[in-house]
**Q** 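Supplied in structure tokens, the structure appears directly below.
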Protein chains: 2
Amino acid sequence: MSNLKATLPVRRPRLADVASAAGVSTMTVVRVLREPAKVALATRARVEQVIRDIGYVPDLIARGLASNRSGMIAAVIPVLTNSLIAEIMQGLTDTVVPQGFHLLLGASGFSSTEEESLVRAFLSRRVDAIYLSGVGHTAETVKMLQRAGIPVVEGGNLTDDPIDMVVGFSNVAASRAITHYLIGRRYRSIGYIGAFPGNNDRARDRRLGYELAMKRAHRAVDPRLCVETTLDIDSGARAIATLLDRRPDVRAVYCSADALAVGALYECQRRGRSIPDDIAIAGFDDIPIAGQVVPALTTIRVPRYDIGRRAGKMLCDRLAGRRVRSRIVDAGFELVPRASA
Amino acid sequence: MSNLKATLPVRRPRLADVASAAGVSTMTVVRVLREPAKVALATRARVEQVIRDIGYVPDLIARGLASNRSGMIAAVIPVLTNSLIAEIMQGLTDTVVPQGFHLLLGASGFSSTEEESLVRAFLSRRVDAIYLSGVGHTAETVKMLQRAGIPVVEGGNLTDDPIDMVVGFSNVAASRAITHYLIGRRYRSIGYIGAFPGNNDRARDRRLGYELAMKRAHRAVDPRLCVETTLDIDSGARAIATLLDRRPDVRAVYCSADALAVGALYECQRRGRSIPDDIAIAGFDDIPIAGQVVPALTTIRVPRYDIGRRAGKMLCDRLAGRRVRSRIVDAGFELVPRASA
DNA sequence: CGGAAAAATGATAGCGCTAACATGTAAGCG
DNA sequence: CGCTTACATGTTAGCGCTATCATTTTTCCG
């Protein structure tokens with residue numbers, strides 16, 4: 001507020017100001033702030049009064065420089081506008097903030113070089129720990145992280161070989177499970193609609209799960225049965241149109257995201273195809289709308305918020321010097337059978 | 001990565017290490033990093049080589065302490081798991097990161113005292129600017145922000161009297177507009193379903209807009225026609241059930257969030273009520289699903305991402321010493337008439 | 001009540017960087 | 001060729017806090 005600057009030329013009070021006003025040394029003020037039990041009651045009361053009176057607020061930048069710990073945890077995610085990621089972040093922040101950490105957030109837009117540059121910048125800020133979305137990163141990112149020697153959690157997807165720790169669910173296994181479910185329901189020709197794999201390990205793994213399940217059941221994976229597109233409702237509608245065009249005999253479609261599934265479902269209805277009688281549809285994520293559409297969507301539910309919570313807990317535990325039970329945490333998933341398949 | 005710490009006891013290189021290795025003073029290294037044009041070509045090349053060789057990364061904490069600018073912009077929002085807010089944040093981060101700032105994010109969970117404590121903590125971190133969600137804050141929050149003398153943008157909602165700057169749309173006006181639209185379509189008894197107002201100025205304003213439009217049209221505002229609930233699809237379904245129970249003659253319902261409207265829409269269909277013939281439904285937000293449900297939802301579209309962009313731009317402009325044209329920016333809204341009303 | 005242990009408090013040297021100023025060196029010109 | 005001007009580089013004193021060690025005061029007990 002530039003217009004207020006002039007009215008208030010007061011420098012913000014420092015530790016030394018509190019100290020001299022209270023007639024103690026700076027270290028005593030520090031102790032009042034950080035280990036009150038070690039200060040005599042009378043002294044403590046006096047110092048606390050002064051702190052309130054002059055409105056002292058510690059400078060966390062200076063503290064960071066002196067103590068070599070910033071009190072910040074970084075999270076690098078692809079985008080915020082994805083409910084799975086947003087809920088993980090909510091779980092993460094809800095967990096780490098009460099432990100005295102703040103969340104520094106970076107969005108890479110699914111670009112791993114952008115992720116790398118964010119990681120570099122955050123290390124430059126000396127964050128105490130890092131959460132990374134997904135398990136695919138550039139070699140340089142991994143190297144920097146290893147060299148930094150701070151706790152790292154990769155989240156969302158699962159891997160056998162994390163940089164440090166990982167918490168998530170197996171996209172491959174979940175995808176396999178729901179494809180297997182469709183196979184078990186004896187649908188002929190099962191199609192796949194998914195996100196472009198690009199730099200998105202989740203998208204890749206979900207497709208892989210579909211293919212593995214199909215192969216395991218000795219079903220051919222016809223490229224004409226597979227459509228990859230962007231992640232929104234409209235794309236789902238367009239994708240199933242393409243699919244129906246290429247293979248009119250398709251009897252079931254597994255969409256690797258509920259948004260796609262919902263779009264596909266509406267498109268089928270617009271074309272007068274009954275679900276699940278003419279064509280079955282399954283989704284992934286169990287977004288709120290999935291249980292409400294008619295027919296309700298068969299899908300996979302994953303413990304989004306919980307992934308964030310656990311990731312935050314693992315990071316805080318490590319930062320507090322506590323041992324973490326397992327470096328690899330499978331948060332699991334749940335097949336939710338509903339009417340659409 | 002505690003297991004790697006032992007292998008790499010190397011202290012991270014400092015500016016002074018680069019300087020001595022390159023045979024220059026620290027200030028020359030600083031200039032290479034920050035104003036390369038001011039350094040002779042040969043010197044610059046030599047220093048840059050050394051930086052790469054020893055893998056020097058500046059310490060932004062130390063820089064912050066010395067320069068009195070942290071390079072961080074804070075955002076305090078209620079929750080991340082709200083697509084409006086998430087998109088605003090995406091716009092904000094996409095705008096400020098290229099300008100060299102990082103986003104420090106705090107979620108208050110709709111509690112204004114929690115918001116206050118986050119603001120206090122972020123000021124403690126000496127963030128260069130702050131984005132606040134909504135326009136309702138505790139007196140202490142406002143006071144701290146004024147005293148801090150940094151640029152502040154309040155976003156989402158609009159107010160005549162911002163702490164510093166504000167960018168958003170008028171929830172009152174938008175709510176009024178859509179209610180007015182329903183009145184113009186000659187629906188008798190128009191109901192309202194909204195979020196609990198609690199500490200949520202948006203929810204309050206949306207209800208206010210409904211009431212103003214009704215009064216302007218000389219319609220009574222019957223409390224039995226108004227239901228307030230939590231913000232999800234299920235709640236929308238339950239709310240309209242309550243409404244139909246209390247006032248079976250209700251002919252149109254304005255839901256102050258699309259999630260509620262979608263829930264209401266499905267509930268009506270389950271009860272065999274045709275939309276819009278038996279009962280019309282209007283929403284707010286134009287979430288992706290709104291255009292896809294059958295019938296598609298009449299709703300209000302707001303420039304979410306753009307609000308974030310503009311907020312970020314205003315903050316960066318101010319931080320760069322540029323003048324901001326207007327402290328109050330109305331990003332507007334758009335009535336989207338569709339089949340549901 | 002003397003002396004040791006425990007409790008309370010203090011002095012000081014940085015953390016790694018930048019702002020402000022100082023100095024040195026090359027280019028321009030009558 | 002001396003003098004000014006611009007360019008290139010260097011010196012120094014902190015920023016506000018914490019870690020470490022040193023010192024003083026209180027408590028306890030034979």
**Q** Report the residues that fulfil side-chain contact (heavy atoms from CB on, under 4.5 Å) with B:Thr113, sequence neighbours left out, ordered by chain and then residue number.
**A** B:Ser111
**Q** Is the backbone N or O of A:Pro58 less than 3.5 Å from a side-chain atom of B:Ser124, with the two atoms forming a donor-acceptor pair by type?
**A** yes
**Q** Test of understanding: with side-chain contact (heavy atoms from CB on, under 4.5 Å), list the residues that count as partners of B:Arg325, not counting sequence neighbours.
**A** none
**Q** Which residues in residues 15-46 of chain B have a heavy atom closer than 4.0 Å to any atom of DNA chain C?
**A** B:Leu15, B:Met27, B:Val30, B:Arg34
**Q** Would a 4.5 Å heavy-atom cut-off, applied to side chains only, mark A:Asp128 and A:Leu315 as touching?
**A** no
**Q** Bend across the helix from C:dC1-D:dG30 to C:dG30-D:dC1, to 10°, with axes taken over 5 pairs at each end?
**A** 40°
**Q** Sort out for me which residue in B:Leu145, B:Leu319, B:Ile130, B:Asp317 forms a side-chain contact (heavy atoms from CB on, under 4.5 Å) with B:Pro151.
**A** B:Leu319
**Q** From the 5' end of DNA chain C to its 3' end, which nucleotides mark the outer limits of contact with chain A, defined by a 4.0 Å heavy-atom distance cut-off (strictly under)?
**A** C:dA8 to C:dG16
**Q** Restricting to pairs with a member in residues 100-123 of chain A, which pass salt bridge (Lys or Arg N to Asp or Glu O under 4.0 Å), not counting sequence neighbours?
**A** A:Glu116-A:Arg120, A:Arg120-A:Glu140
**Q** Can you name the side-chain contact (heavy atoms from CB on, under 4.5 Å) partners of B:Val39, sequence neighbours left out?
**A** B:Thr28, B:Arg31, B:Val32, B:Thr43, B:Arg44
**Q** Could you pull out all residues at least two apart from A:Arg309 that satisfy salt bridge (charged side-chain N to carboxylate O under 4.0 Å, His left out)?
**A** none
**Q** Please list, chain by chain and in numerical order, all residues satisfying ring pair (Phe, Tyr, Trp, His ring centres under 6.0 Å) with B:His102, sequence neighbours excluded.
**A** A:Phe122
**Q** So which of residues 55-63 of chain A are in contact with DNA chain D, with a heavy-atom cut-off of under 4.0 Å?
**A** A:Tyr56, A:Pro58, A:Asp59, A:Ala62, A:Arg63
**Q** Quickly work out the A:Arg14 CZ to D:dG14 C1' distance and round it to whole Å.
**A** 11 Å
**Q** Going by side-chain contact (heavy atoms from CB on, under 4.5 Å), name the residues that satisfy it together with A:Glu87, two or more places apart in sequence or in a different chain.
**A** A:Arg304, A:Tyr305, B:Thr81
**Q** Could you list all the salt bridge (Lys or Arg N to Asp or Glu O under 4.0 Å) pairs where at least one residue sits in residues 57-67 of chain B, not counting sequence neighbours?
**A** A:Arg126-B:Asp59
**Q** Examine the side chains of A:Gln49 and A:Arg52 and answer whether a donor and an acceptor come within less than 3.5 Å of each other.
**A** yes
